[in-house]
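Take a look at the structure set out below.
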Amino acid sequence: MRISELSAASGVPVATIKYYLREKLLPEGARTSPTQASYGVAHVQRLGVIRALVDAGVGIAGVRKVVRVLEEPPENPYDLLGAANAAVTPAVSADIDLTAALALLERMGGDVEKCFPDQIAAVAQALAALDRAGFTVPDRVMDAYLTHLSAIAEEELAATPATSIEDAVRYVVLGTALVEPLILALRRVAEQVAASRRFGGAPTG
């Protein structure tokens with residue numbers, strides 16, 4: 001298909017497709033003349049992934065990381081998970097103290113040698129923010145976090161598509177970018193439900 005047909009099939013404007021081509025996010029089509037190329041279903045699929053990432057708030061640098069995974073996919077699903085998550089994990093200071101984060105990892109039954117450093121550093125950064133605010137998560141509450149998040153992770157991994165690398169990467173990355181806000185929103189709703197059971201009452205606003 002021509003680029004105009006690719007645009008129609010994907011819903012992505014021609015100018016945006018050309019931008020993705022220049023940025024090497026989208027593979028070149030098969031040249032049919034010096035000024036034209038032919039595109040296929042793989043290009044439509046790749047555009048679907050790119051647009052989903054962009055719509056989820058992932059920047060071009062993050063999209064480039066995901067594309068790199070798509071083009072050179074790790075053989076090990078564990079490495080695929082780490083690479084996909086790295087695309088949407090904000091950069092963290094390299095000199096942050098990891099002590100408290102590693103303690104939580106141990107409580108989860110995890111092994112530092114089997115976890116990606118950026119993810120541990122992100123936990124450390126979140127804990128540092130709590131410490132600066134003078135807020136401490138009670139041990140029983142932290143235990144609940146670790147227990148239930150571990151169960152969620154098991155179910156999410158079990159649901160990861162095995163149809164293709166692109167499907168798996170899209171699931172993992174969008175599951176991070178889009179589902180985390182849902183989890184936070186549901187947490188607040190769950191707190192309201194728990195509070196109504198414990199104390200009674202109803203919203204007044």
Side-chain angles (χ1 to χ4, degrees), residues 48-49 51-59 61-63 65-66 77-78 80-162 167-205:
V49 172
R51 292 306 299 173
L53 293 171
V54 171
D55 290 345
V58 178
V63 174
K65 290 180 183 179
V66 175
Y78 177 80
L80 172 63
L81 172 67
N85 272 329
V88 291
T89 299
V92 178
S93 174
D95 60 356
I96 192 167
D97 184 0
L98 301 179
T99 304
L102 292 174
L104 288 181
L105 175 63
E106 184 177 355
R107 285 169 67 177
M108 293 181 77
D111 183 345
V112 66
E113 298 297 327
K114 297 180 179 179
C115 287
F116 291 91
D118 287 350
Q119 307 300 326
I120 297 174
V123 173
Q125 181 169 269
L127 291 171
L130 290 174
D131 189 56
R132 287 193 299 272
F135 186 86
T136 300
V137 177
D139 279 344
R140 61 181 292 184
V141 175
M142 184 62 77
D143 283 340
Y145 290 164
L146 301 180
T147 297
H148 293 292
L149 287 171
S150 294
I152 289 171
E154 292 287 348
E155 294 299 329
E156 287 179 335
L157 288 175
T160 301
D167 287 344
V169 170
R170 186 175 187 276
Y171 176 87
V172 171
V173 175
L174 294 186
T176 300
L178 297 180
V179 176
E180 284 183 353
L182 172 62
I183 291 173
L184 292 176
L186 286 172
R187 172 181 175 244
R188 295 186 183 105
V189 171
E191 286 177 340
Q192 292 170 357
V193 172
S196 67
R197 289 172 177 166
R198 182 180 291 259
F199 307 115
T204 58

Among E154, E155, E156, the one residue meeting side chain to side chain contact (heavy atoms under 4.5 Å, CB included) with I152
E156

Which side-chain N or O atoms in residues 119-145 pair as donor and acceptor under 3.5 Å with protein atoms at least two apart or in another chain?
unit_1 : atom_1 : unit_2 : atom_2 : d
Q119   : NE2    : T89    : OG1    : 3.0
D143   : OD1    : R107   : NH2    : 2.5
Y145   : OH     : R187   : NH2    : 3.4

Tell me whether E191 at atom CD has more than 12 heavy atoms from other residues, nucleotides or ligands lying less than 6.0 Å away.
yes

Identify each donor-acceptor pair in which a side-chain atom of residues 95-106 lies under 3.5 Å from a protein atom, sequence neighbours left out, and give them as a table.
unit_1 : atom_1 : unit_2 : atom_2 : d
D95    : OD1    : S93    : OG     : 2.3
D97    : OD1    : T99    : N      : 3.0
D97    : OD1    : T99    : OG1    : 2.7

